[in-house]
Every structure is written in structure tokens, then in C-alpha cells.
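Written out below as C-alpha cells is the structure these notes cover.
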Protein chains: 2
Amino acid sequence: MTAYEPSHEQACDLVASGLENSMLISVLGRCRVDYDGRASSTLDAGDRLVVLKPDGTVLVHTEEGQQPVNWQPPGCSQEVTVTDTLEIRSHRDTPSEELTVSFEFVAHAVAYDVTDDQNLSLQGTEADMRERILSDPEMLEDGFEPRATERETPAGAVDIYGTDADDNAVVVELKRRRVGPDAASQLNRYVEALKRDLHAEKSVRGILVAPSVTERAQHLLDKYGLAFIPLQPVTDS
Amino acid sequence: MTAYEPSHEQACDLVASGLENSMLISVLGRCRVDYDGRASSTLDAGDRLVVLKPDGTVLVHTEEGQQPVNWQPPGCSQEVTVTDTLEIRSHRDTPSEELTVSFEFVAHAVAYDVTDDQNLSLQGTEADMRERILSDPEMLEDGFEPRATERETPAGAVDIYGTDADDNAVVVELKRRRVGPDAASQLNRYVEALKRDLHAEKSVRGILVAPSVTERAQHLLDKYGLAFIPLQPVTDS
DNA sequence: TCCTTTATGTCGACC
DNA sequence: GGTCGACGTAAAGGA
């Protein structure tokens, strides 16, 4: 279903029909946009691409930027009306949010029935790093043995919990990118929380594993007595 | 410029022409997607919407989700070729990333010349909270006087730096959302850094301003001796 | 539902 | 270019 420079009525019919039949809808033209909800914003008339997905997502894209200039998350309800403009309204509760797009001119409108049952397979993530360390723990240090992943502490869940050659408790925090002070603080919170949990039965060491570390973060690590081990998220040759 | 169920050659011409003339291009059809760069991923054939922006952005959207399933950031170079499939390739250096979309069927293809010089005006942000406190400092506490914003410390820049009724130094950290332990740690780092900077000439207090606080973060604040003041990002009535 | 963490986060500001 | 922090972050996974 497609329309080139449709009248507001034609465009309204197409969008309404697309909404009814759970189609992917794309409308290109000159519009203004108003949003009110968690924040609020206004956008005066300009040329934009508006996408409506069958899951209730709305995206408003301008000619630049990777991110939509306005949007609604999945699960919203859409309705379309025509007065002197073509108005697409999207609403949700919890939190209450409303997005209104008013087209003064529609260049193209398309509705298409879309199915995509293929799942994305992704490598090079933090989950990958964890799997590699679990399959070869001594890559961290000799004698390291993982005991648990996602072990809970009062400060949150630890990526890898284990013991070293001297049977000290070891907390390993993984980051796939260069780390800043936040990661050092986070690891320190885990170590301190575990020390309290273990009632000082044994000492607790902390190891931060990431490709590299900023200067400020290294200072924090030194101050806290934590270790850093460099590791790239993907092996590659 | 638009095409309904074009041949690969027609679609290729349309996309090539759109790229050449810095137009916004949208292609809807059945394709597979391969990405290799910061991570790497594969996506088998399915129906998707592909958007090419004049700034070099590429977005691949499926029927669900607010985020694109694959993408390239602004500044990438695109090229389009046709063999037995219509292939759109996008590449950039630093970091080296490549995205390839192969269409086995094109349902719609559109290229449109877009201009949007309107800027989005947004309210209810952290910047708003800062302005409100600066215009009425006593909303935090009687006698509070702002001395600087973005004051630099070895731990980073402080949102608002000021003094209280007893001339103690005060560090104010703003968050527009409910805060977790990270914010408490961050504020503590600022306070500790300022104590060192000021050579203990005066005591340094820390105030975290946000709509609300998690239990864990409140514990951390208590431990560090920091204060919390609830404040909504938007006043409203 | 709330809470926490990750992300090919993206984006902007500053150095 | 690197570093840092905000975002109407979104999305996933657990309690």
C-alpha cells in the first residue's frame, strides 16, 4: 500500500488501514511535532520521516542524526485524524506521555505488512568476555577458579566470583570498553560488600578486566587496592 | 522520487541518485544484514525498513523495537551495487566498521529531499533544575549561596558549588531521575576531592538533589554522611 | 512491577 | 582526537 503526494484524506485512510492491519507505516512530509510526558518539547514545521511500528513504536526522524528527534516507545496507542492537517497522535499511560505529529504536507506514505522472525546473533560483548574467562580462568591469573557468576551482594550482582591460588575470595568486574572512575567505584563497592558478607573470614580481592583504563580510574584502583587486567573483548588472531 | 516493487536495477538507480543528491532514502523489503566493527552480527533474511540519511547515517528497523536492529552512525560512506541482490554497503574508519544490507526483494523505495532547520526545544532536564536552584538557592536550604557551576575537582566537575549559612563548602549533585548507588559514589568522590583541594580549611558537605533515591543509594549516602533533597525536574503548578 | 546493568549505546561539551 | 557525563536513554534479566 503506497501513496505519492496523497491528499490528507488519502493519507489518513492509508495510515488508519495500516494501523488496523498491524503494518509498518512510514510517512514522509512537512510536519510539526509536540511532545508532553517525562519531559516536553516542541518542533516547528519541517520535513521529517515518521515511522509507526505494529508494536506501538513511533519514530520521528529528521535529515540528520542517528537518534529520532521525537519518539514513543513500544506499547503506545496511535490514532489518526484529518482536519486542516493530518494529525497522528500517540499516547501511553505510566508514565502519561503524548506525542502529536501534524502534517501540513505529505510527500509519501507507505504501509507494508512486515514479518521478521530472525534473531540477531552478536559477538564481542561483555557476555563473550565472561564466557572466555570461564572456559579458561587461568588467563586471568594462575590458580584462579570461578565459583559463581552474577553472585548477589548488598551492592549488586558481581560479574564473576571466585577464589585465587591462596583461597582468597576474588571479585571480577568485566567491562568491554575502556573504564572510568565509575567502574573502579563499582568494583570497590562489591569488594567492601563482600568483606562484610564474609565477616572477614578471608580477604577479598578485586580485579577489573577491561581493554584499558583512564588515569583517574587507575588512581582510584590504586587507592582502593584493586587490580586491573587488560583484556580485549574479542580475541581475533 | 518513489518506486513500488522496483527491479533491483531500478531500486539501485533510485538509491544511487538519492545518495548523490543528499536525499533521505527509505527502502522497504526482504533483506539480510551483516555487520562487523566494534562488535559483529548477522541477521538472516527478513522484512525490514532501511533508512539512509544525507549525513551518512544508516538505520535498519524491524517490525518491533524502538532501536534499529543494525545501524551505522553519522559520517559513514554508502555505496549501492546490484548483482543477484541489491546490496547497500556502509563503511567508516576510526573505528573500522562495515554494514552490508542485501535485498532479495524490494517492496518500496523512496528518495526525498529534506530540509529541517528547526531546533527542538526541550524542558524538564537537569539544566532546568540547575537554573531553578540558581534563581532561588534557598529552595535547597536557608542560607545556601551558589558560588560556581561546573567547578573543577580532581574527581571531575561539580554541578553546583556553594556555601551554607555556616560558611561550609557545599557540593550539590543534580539528577533528574531517581538515583542509584553510582550517584552517591560520584558525589562522595567530589566531596573527598574538594576536602583535599581545600586542605581541610573548612568542612565540605555534599547534597544530592533528585526526585527520589533507591534504598541502596540511601544507605551509601548515610555511610558517607551525605544529604539528600527531593526535587522534581519540573515544577508544574 | 521495580531495580540493576549493559550497550556496536548516542550525543554533546570540553580539553 | 580522547575523556567525561547526561539521556524523555532503550533493552534485558532478576527479584
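Predicted, not measured: the structure shown is a model, and the values here were computed from it. Side chains included, hydrogens not; waters and symmetry mates left out as well; all remaining heavy atoms used.
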Report each atom pair, protein N/O against N/O of nucleotides 4-7 of chain C, whose distance is under 3.5 angstrom.
| from | atom 1 | to | atom 2 | distance (Å) |
| --- | --- | --- | --- | --- |
| C:dT5 | OP1 | A:Tyr190 | OH | 2.8 |
| C:dT6 | OP1 | A:Glu126 | OE2 | 3.1 |
| C:dT6 | OP2 | A:Lys175 | NZ | 2.9 |
| C:dA7 | OP1 | A:Glu126 | N | 3.0 |

Mind listing the N/O atom pairs, protein and nucleotides 12-15 of chain C, below 3.5 Å?
none

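Checking side-chain atoms of A:Arg30 against main-chain N and O of A:Glu104 turns up no donor-acceptor pair under 3.5 Å. Looking only at distances, a side-chain donor or acceptor of A:Lys53 sits under 3.5 Å from a matching main-chain atom of B:Thr62. Under the 3.5 Å distance criterion, the side-chain polar atoms of A:Arg132 are matched with a main-chain donor or acceptor of A:Pro233. With A:Arg48 contributing its side chain and A:Cys31 its backbone, the two residues share a donor-acceptor pair below 3.5 Å. For the pair B:Arg92 (side chain) and B:Glu98 (backbone), a donor-acceptor distance under 3.5 Å is absent.
Taking 4.0 Å as the cutoff to heavy atoms of chain A, we find the contact window on DNA chain D bounded by D:dT3 to D:dA11.
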Apply salt bridge (Lys or Arg N to Asp or Glu O under 4.0 Å) to B:Arg89 and B:Glu79, showing your working. CA-CA 5 Å; B:Arg89 240 166 299 128; B:Glu79 55 179 320; 3.4 Å; yes
Report the C-alpha distance between A:Glu126 and A:Arg177 in whole Å, list the side-chain angles of each, state the deciding distance to 0.1 Å, and finish with yes or no for salt bridge (Lys or Arg N to Asp or Glu O under 4.0 Å). CA-CA 9 Å; A:Glu126 192 179 300; A:Arg177 292 194 308 171; over 6 Å; no
Stepwise side chain to side chain contact (heavy atoms under 4.5 Å, CB included) check, B:Thr100 with B:Glu87: CA-CA 7 Å; B:Thr100 307; B:Glu87 218 174 79; 3.7 Å; yes
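For B:Thr57, the side-chain hydrogen bond (donor to acceptor under 3.5 Å, both in side chains) partners at least two apart in sequence or on another chain are B:Asp55. Qualifying side-chain hydrogen bond (donor to acceptor under 3.5 Å, both in side chains) partners for A:Asn168, counting only residues two or more places apart in sequence or in other chains: A:Asp164, A:Ser203.
Separation of the C1' atoms belonging to C:dT8 and D:dG14 is 25 Å when rounded to the nearest angstrom. Spacing between C:dT10 and C:dT6 at atom C1', rounded to whole Å, works out to 14 Å.
A:Glu97 comes within contact range of at least one nucleobase, with a heavy-atom separation under 4.0 Å. Within 4.0 Å of B:Pro74, counting heavy atoms only, lie sugar-phosphate atoms of the nucleic acid but no base atom. Residue contacts shown for A:Gly124 are absent, as no nucleic acid heavy atom lies under 4.0 Å away.
Salt bridge present: B:Arg38 and B:Glu97 bring a charged side-chain N and a carboxylate O closer than 4.0 Å. B:Asp34 has a carboxylate O that lies under 4.0 Å from a charged side-chain N of B:Arg32, or vice versa, which qualifies the two as a salt bridge.
Of all heavy-atom pairs between A:Arg189 and A:Ala155, the closest is O-CB, 3.7 Å.
Comparing B:Gln66 and A:Pro73 against DNA chain D, the residue whose closest nucleotide sits nearer the 5' end is A:Pro73.
In the region residues 27-55 of chain B, proximity to DNA chain D at under 4.0 angstrom, judged on heavy atoms, holds for none of the residues.
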